[in-house]
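In this chain, residues are counted from 1 in sequence order.
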Amino acid sequence: PLPPSSTVVLTYKADAETSFTTIFSHTTLNSVSRGAQNIASTGAGLPEYKEIQFRIEVTSSTNPVAITGLKYKADIRDKTLY
């Protein structure tokens with residue numbers, strides 16, 4: 001569970017973007033998971049991409065926090081021109 005004074009931030013960077021965009025910042029005490037369907041600040045979904053990187057950042061001033069996984073579901077769209 002997430003200990004007191006801890007924050008988990010999930011970010012992404014697609015294709016040639018140079019900076020990461022925050023999907024969410026999570027601070028709910030004692031939670032063991034967090035889901036998201038949209039980017040919290042805008043309500044939009046992820047952009048179309050060829051490559052995507054995710055980064056999970058954890059800060060805790062009291063106890064260590066271990067992230068045990070990231071689950072991601074994608075809607076694959078074939079953009080091949082014929």
Looking only at heavy atoms, what is the nearest atom pair of Tyr72 and Ala74, with distance? CE2-CB, 3.8 Å
Could you check Ile56, Asn38, Leu46 and say which one makes a side-chain contact (heavy atoms from CB on, under 4.5 Å) with Ile23? Leu46
All heavy atoms of His26 vs all of Ser31, minimum pair found to be NE2-OG, 2.7 Å
Are Arg34 and Thr28 side-chain neighbours, meaning at least one heavy-atom pair lies under 4.5 Å? no
Is it possible for you to say whether Ile52 and Leu70 belong to one hydrophobic cluster, with membership spreading through side-chain heavy-atom contacts below 4.5 Å? yes
Is it the case that the side chain of Asp15 and the backbone of Lys50 share a donor-acceptor pair, with hydrogens and angles ignored and the cut-off at 3.5 Å? yes
Looking only at atom types and distance, does a side-chain atom of Thr62 sit under 3.5 Å from a main-chain N or O of Pro4, one as donor and one as acceptor? yes
Considering all heavy atoms of both residues, which atom of Ser6 and which atom of Leu2 are nearest to each other, and what is their separation? CB-CD1, 3.7 Å
Quick one: closest heavy-atom pair of Thr27 and Thr7, and the distance? CG2-OG1, 3.4 Å
Gap separating the CD atom of Glu17 from the CD atom of Glu51, nearest 0.5 angstrom: 12.0 Å
Flag yes if Phe24 and Val32 sit in one hydrophobic cluster, no otherwise; membership is Ile, Leu, Val, Met, Phe, Trp, Tyr, and two members link when side-chain heavy atoms are under 4.5 Å apart. no
Identify the heavy atoms of Gly45 and Ile39 that sit nearest to each other, and give their distance. O-CD1, 3.8 Å
Assigning hydrophobic clusters by single linkage (Ile, Leu, Val, Met, Phe, Trp, Tyr; side-chain heavy-atom cutoff under 4.5 Å), is Tyr12 placed with Ile67? yes
Within one Ile-Leu-Val-Met-Phe-Trp-Tyr cluster: Val9 and Phe20, side-chain cutoff 4.5 Å: no
